[in-house]
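Take a look at the structure below.
Numbering of residues begins at 1 and proceeds along the displayed sequence. Small disclaimer: the values here were computed from a predicted structure and weren't measured.
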Amino acid sequence: MHILLAASAFNSLTQRVHAELRERGHSVAVELALPGTRLADAVARHRPDLVLAPMLKTAIPPEVFTAHTCLVVHPGPVGDRGPSSLDWAVGDGATRWAVTVLQAEAEMDAGDVWASVECPLPPVAKSDAYRGEIADAALAAVVLAVDRFASGTYTPRPQYTGRARPPMRQEHRRIDWQRDTTDTVVRTLRAADSRPGVLDELLGGRWYLHGGHPEDGLRGRPGELLATRTGAICRATADGAVWIPELRAVRVPGQPAPVKLPATLALGGLLPALPELPAPTRAAADAGRRTWSDISYREEGAAGFLSFSFPGGAMGTDHCRRLLAAYREACTRPTSVLVLGGGRDFFSNGIHLGVIEAAPDPAAESWANIHAMNDLVEAVLTTTDRLVVAAVGGNAAAGGAMLALAADEVWCRSGAVLNPHYRLMGLHGSEYWTYTLPRRTGSAAARRLTAEALPVGAEAARRLGLVDRTIECTPQAFADETARLAVRLANWPATHSRIAGKKARRDVDEQLRPLAAYREAELARMAEAFDDPAAPYHALRRAFVRKQPPEATPDHLACRVPGRRVPAAPRRADVTAPAEQNRADGTAGC
C-alpha cells in the first residue's frame with residue numbers, strides 16, 4: 001500500500017512508524033501539518049491508500065476523513081480522550097497504559113477502534129516512556145491496524161463510552177515547594193518532560209524546569225537550592241530534594257524562543273555559591289540511595305559497564321570531556337569487555353546544538369564540541385586491549401550514531417531508530433564516520449544512508465551491518481539483558497583471541513590511512529560550515545533549537561511511487577528543514 005503519514009513533526013514515533021512500514025514493503029510518504037498548509041491538498045497530491053497520523057496535534061479536516069480512511073494514534077487506552085493523555089498518566093503515577101489506533105471523525109479521539117495495545121508504564125519521564133514503552137505499543141497497534149485495513153475484512157469497533165480529559169496546563173503542573181514531597185515533585189516534573197516543562201519562580205525569575213530525579217541524601221529549606229552537579233541543580237522539597245538538569249527561560253515578547261540549557265549554564269551569574277557535589281560512589285548506589293548522575297560505572301565479573309544518559313541525547317563539550325575521562329578510567333580496570341551505554345533512552349544524538357546556539361560565539365563552540373566528540377570516538381577506536389560494545393537502548397543520530405559504530409560490536413534494542421547522517425543540519429559530519437560507516441556497510445550503502453537521510457530501524461540496521469545484534473526486550477529490561485550477554489562474552493574463550501587480533505587490525509588500517517587523516521579531512525569540511533555565517537548550518541541549527549517549524553515538508557520525506565504522479569508541494573524556503581529526532585520531546589543534538 002501507499003501510506004501517507006500526517007504528522008505535526010517528524011518526531012521519534014513518526015520516524016519509527018516510517019521505518020517499520022517501509023520494512024514491511026509499504027511505500028511511505030510524510031506530510032507535516034504546518035501553519036498555512038492544507039492537509040487536504042497534500043492528500044490530493046499523494047492519493048494514498050491510507051492516511052495514518054502517528055503524532056498529529058491538529059484535527060484531520062472532514063474533507064479528508066470522509067474521502068479516505070484516516071487512522072490516528074492516540075497514546076491512551078480505549079475511551080481515553082484529550083491531547084494530554086500521557087501527561088495525566090505520568091502525573092497520576094499510572095503503572096499501566098495503552099495506545100489506541102482509531103479512525104478519525106469529527107469528535108477528537110472518539111472514532112472507531114482499529115487496534116489497542118496495552119503496555120507497562122514505569123516511573124520514568126514522559127518523553128522517555130513515549131520513546132520506549134509507548135512507542136513499542138504504538139508500533140504494535142499500528143502494524144495490527146494496517147494489516148486489518150489491508151485485509152479488507154475487518155470492521156473496527158465503535159467506542160460506546162469515553163472520558164475526555166482537558167489539556168494539562170501550567171496551573172495543573174504547579175509545584176508547591178513548601179508542601180509537596182519529593183515523589184510528588186518528581187512526578188510533576190516527569191509529566192512535563194521535555195515539553196512544556198514546569199513553569200516556576202527561581203532566583204527572582206521565571207523558568208521552565210525540565211527533568212526531575214529524586215535525592216535522598218540532601219535536606220534544606222523547601223524550595224532552597226542546595227548544590228550543583230555537572231550542570232544540574234538540586235532543590236529542596238518538603239521531605240528531601242530533587243535534581244533538575246535543565247532550565248528554559250520564559251520567552252520575552254519580540255525575542256527569539258529561548259533555548260533549553262543545562263541548569264547552571266542557563267542561570268549563569270544568577271546562581272549563588274553552591275557546593276559542586278561529585279557523582280555518587282558505587283557504595284551509595286549499592287546502598288539503594290536515590291540520587292542522580294549522568295555518568296556511572298560498574299563491573300560484573302570481567303565485564304565493565306560505562307553508562308551515560310544526557311538529556312535529549314545531546315552531548316556538549318563538557319559532556320564529551322567528562323565521558324572521555326570516565327572511559328579512560330574504565331580502560332584501566334582489569335576487564336575484557338567494556339559496554340558503553342546500555343541505558344533505556346537516547347544513546348546519543350551528537351553535539352549539543354542548544355549549548356552551541358546559546359554560546360557567545362556559536363562557531364567557536366561548534367568547533368570545541370566537535371573536537372571533544374572526536375576525542376571520545378578516537379579513544380574508542382584505538383582501544384585494543386579489550387572488546388568495546390556499544391549498547392544502544394534508545395535512538396541514536398548523527399555523531400551519536402557514529403560513536404556507536406566506533407565500538408567492536410553494536411547491540412541495539414529492537415525498538416531503537418538510527419539516523420546515521422548529518423545532511424539535514426547542513427553538515428558534512430565528523431566523528432571518523434568516513435572510516436567507520438563504509439567499513440561496516442560498504443561504500444555504496446554509506447553514500448545512500450547519508451544522502452537519503454532517512455531513519456533506519458534496528459532490524460534493517462542489522463542487515464546493513466550498522467548493528468551486530470538486535471535485542472528483543474522492553475526498554476526496562478535492556479540493561480539487564482545487555483549485562484547478561486556482556487558477561488557471557490567476557491567469559492567466552494574466543495574473546496581473548498579476538499582481543500589479541502585487534503591491535504594488528506588497527507595497525508593495518510593505520511598503515512593504509514591514519515585516523516588523523518580521516519579527522520583532518522572531515523574537520524576541514526566542518527570548518528567551512530562553522531566559520532561561514534551564511535552557511536545553512538547556522539540557520540538550520542537556529543530553527544531546530546528554537547522550535548521554528550519548517551516552511552514546508554522536506555523533499556526527502558516525499559515518497560515517489562511508480563505509477564502515481566505526486567506533484568511537488570510549493571516551497572517557501574531555500575533551506576531544507578532538519579529531520580527532528582523529536583521536536584516534542586527531545587533536546588537538540590547533531
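Not counting sequence neighbours, the partners of Arg38 by the salt bridge (charged side-chain N to carboxylate O under 4.0 Å, His left out) test are Asp41, Glu63. For the salt bridge (charged side-chain N to carboxylate O under 4.0 Å, His left out) test, no residue two or more places apart in sequence or in another chain qualifies with Asp532. Remark: Ala359 engages Glu365 in a side chain to side chain contact (heavy atoms under 4.5 Å, CB included) (not counting sequence neighbours). Among residues two or more places apart in sequence or in another chain, the salt bridge (charged side-chain N to carboxylate O under 4.0 Å, His left out) test is passed with Arg542 by Glu357. Shown here are the salt bridge (charged side-chain N to carboxylate O under 4.0 Å, His left out) partners of Glu528, two or more places apart in sequence or in another chain: there are none.
Summarising the geometry, atom CG belonging to Asp531 is positioned 7.5 Å from atom NE2 belonging to His538; distances are rounded to the nearest 0.5 Å.
The aromatic rings of His2 and His46 sit tilted relative to each other, their planes meeting at an angle between 30° and 60°. In this structure, Trp243 and Trp292 have tilted ring planes: the angle between them lies in the 30° to 60° band. Relative ring orientation between Trp367 and His371 is described as perpendicular, the plane-to-plane angle rising above 60° on a 0-90° scale split at 30° and 60°. Under the 30°/60° scheme for interplanar angles, the aromatic rings of His556 and Phe10 are found to stand perpendicular.
Side-chain rings of Trp433 and His421 stay apart, their centers remaining 6.0 Å or farther from each other.
More than 12 non-hydrogen atoms from other residues, nucleotides or ligands lie less than 6.0 angstrom from CD of Glu171.
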Can you give each donor-acceptor pair under 3.5 Å made by side-chain atoms of residues 197-207, sequence neighbours left out, with the distance rounded to 0.1 Å?
from   : atom 1 : to     : atom 2 : distance (Å)
Asp200 : OD2    : Trp177 : NE1    : 2.7
Asp200 : OD2    : Arg235 : NH1    : 2.6
Trp207 : NE1    : Leu202 : O      : 3.4

